[in-house]
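Below, chain A is the first sequence line, B the second, and so on; all start at residue 1. Small disclaimer: the values here were computed from a predicted structure and weren't measured.
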Amino acid sequence: MPLHIYNVLSRQKEPFQPLSEGKVNLYVCGPTVYDEPHIGHGKTYIAFDVVVRYLRYRGYDVLYVQNITDVGHMLDTGEDRILKKARQTSSLPMAVVETYTRSYFTAMDALNVTRPDISPRASGHIPEQIAMIEQLLAQGNAYEVNGSVYFAVQSFPEYGKLSGRKIEDLEGGARVAVLDEKRHPADFALWKKAEPEHILRWPSPWGEGFPGWHIECSAMAAKYLGQTFDIHGGGIDNIFPHNECEIAQSEAAHGERFARFWMLTGSLTLDGVKMSKSLGNTLTVKAALARWRPEAIRTFILSAHYGSPIDFSDEAIDGAHKGWRRIWGAVTLVREQLRSAAAGQPDPAILEGLAGFKELFIARMDDDFNAPGALAVLHDMTRQVNTWVNEQGNLTQGSLQAIDDLYRELGGQVLGIVPESVESSSSADREDGLVRLLIDLRSQARAKKEWATADQIRNQLKELGIVLEDRADGTIWKLAE
RNA sequence: GGCGACGUAGCCAAGUGGUAAGGCAGAGGUCUGCAAAACCUUUAUUCACCGGUUCGAAUCCGGUCGUCGCCUCCA
């Protein structure tokens, strides 16, 4: 069965066929960089990270574009949130943007999220946005009032097709005072006139101003991916108005379909309620990483389908962490045995078993990126691997290598939860040597039944965060979790 | 108020017509000098509730209750 993706546009799973054979153009709405990235960003971008990793694993040439919003998002008060932050911290707007853009990438790197191929900034694409607005004006999809330009939603009959909203319904329910200069309450800004105190401003055919909230994504997606591209992703909370407006602007301006597939991720809640900037109940990625290792956070997030909401609780993430540890324990055991395994061809029965797990893993991922199902396959495989290694014993180098390779492929390359090596620092080898020395001494003590000495070595190492495990075929060590 | 999603064991969660994956926690066991880890067995006659369709439903339809998201900046 080929890859199927749930398309929010059609509200059903559809077989995925890219526009160009073997190539996938993907756009995902990125963050507005005015504050520290939080764990909700983590959920969304880890989800799309796995989508990108899997598509590449399946052989697609993926072009991944994710914007950085550094202008245009305004508060209820009409103030740009980046300007507000700049005022609060007495710094320049673009310095605020730089600070939090770096925080964002640092946090995502720490979570082992692959960087997008292109991270275009809104402020760096003002000419493209202006050109698109001019196009909309020329076609009668937009109008200018007092130096601002608005999109006329009634000029685009399909407005609402993504979120299921109707223009008529939007009129009555409007809670926010409608700007007098709009012709229709649902019309949205493409370009806003800059008041004198507004620092972020650019010249335009309509005077000094700045782009509206949504036009950046339309302009940048078209620039880098084409007018029609394969997949548009983002958080479900942006489905309206942001994503809806993107579609309206793009399809009205280009007369072409915008994204073919829409993939939206469920929100992350913290103790039952959504984290929101206005509520202030945020858990930053940095704070989360201080408590859990990145693989535990990834495993937790991947344990629910990307489209489902997920509640971040200590109990849930601890459970995911312990589950991950079982997988990692098997991986380290295999790699440990690989150090001294006898050369030999892989056992055909083991190769056959591994092929079965791989096939099942791919089937799960092909079904709308069912990461929880794929994770379950990895758990089943882990039980089998532990049995092979413990019961069968003395696996050949070929067998162990095949097992490790599959872990690297499915757990590492695709899900990003199996690290390349147990330790990556340059002191790792020395540390390993020291621990092995102590293990050898302890083995001699144990051989003489000097248990007090043996226990002392083990206990003191444990205090240093190093755990020993005595096995029939020798002692291994690992870092305590 | 309008729109949308969801409600599966103590917790997380997969499963869109064929008779309940997986992880955590719990119980018993094997292995072990002790420990740790691992493995084995076990833990939902049942999928919020009520009614309907069907030979057959957690899965489809209607209703009720509940939770969450969006409608206003938000991943």
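Taking atom P in both B/G26 and B/G66, the straight-line distance is 35 Å, to the nearest Å.
B/C39 and B/G29 make up a base pair, with Watson-Crick or G-U wobble contacts both under 3.5 Å. Using the Watson-Crick or G-U wobble rule with both distances under 3.5 Å, B/U64 pairs with B/A48.
Taking only distance into account, the side chain of A/Asn238 never meets the base of B/G69 through a donor-acceptor pair shorter than 3.5 Å. For A/Arg446 and B/G33, a side-chain-to-base donor-acceptor distance below 3.5 Å is present, hydrogens and geometry of angles not being considered. A donor-acceptor contact under 3.5 Å is formed by the side chain of A/Arg458 with the base of B/C34. For A/Asp470 and B/C34, a side-chain-to-base donor-acceptor distance below 3.5 Å is present, hydrogens and geometry of angles not being considered.
Under 4.0 angstrom from either OP1 or OP2 of B/A14 there lies at least one side-chain N or O belonging to A/Ser308. Close to B/G22, at under 4.0 Å from its OP1 or OP2, lies no side-chain N or O of A/Arg383.
If you measure from atom CZ of A/Arg165 to atom P of B/G2, you get 13 Å, rounded to the nearest angstrom. The CG atom of A/Asp311 sits 18 Å away from the P atom of B/C6 (whole-angstrom rounding).
Ion pairing of A/Asp367 with A/Lys13 is present here, as a side-chain N (NZ or NE/NH1/NH2) and a carboxylate O approach within less than 4.0 Å.
With centroids closer than 5.5 Å and planes inclined by less than 30 degrees as the test, A/Trp451 and the base of B/G33 pass as a stacked pair.
Side-chain contact of A/His125 with A/Tyr224: a donor-acceptor pair under 3.5 Å is present, judged by distance alone.
Under the salt bridge (Lys or Arg N to Asp or Glu O under 4.0 Å) criterion, the residue pairs touching residues 309-325 of chain A are A/Arg291-A/Asp314, with sequence neighbours excluded.
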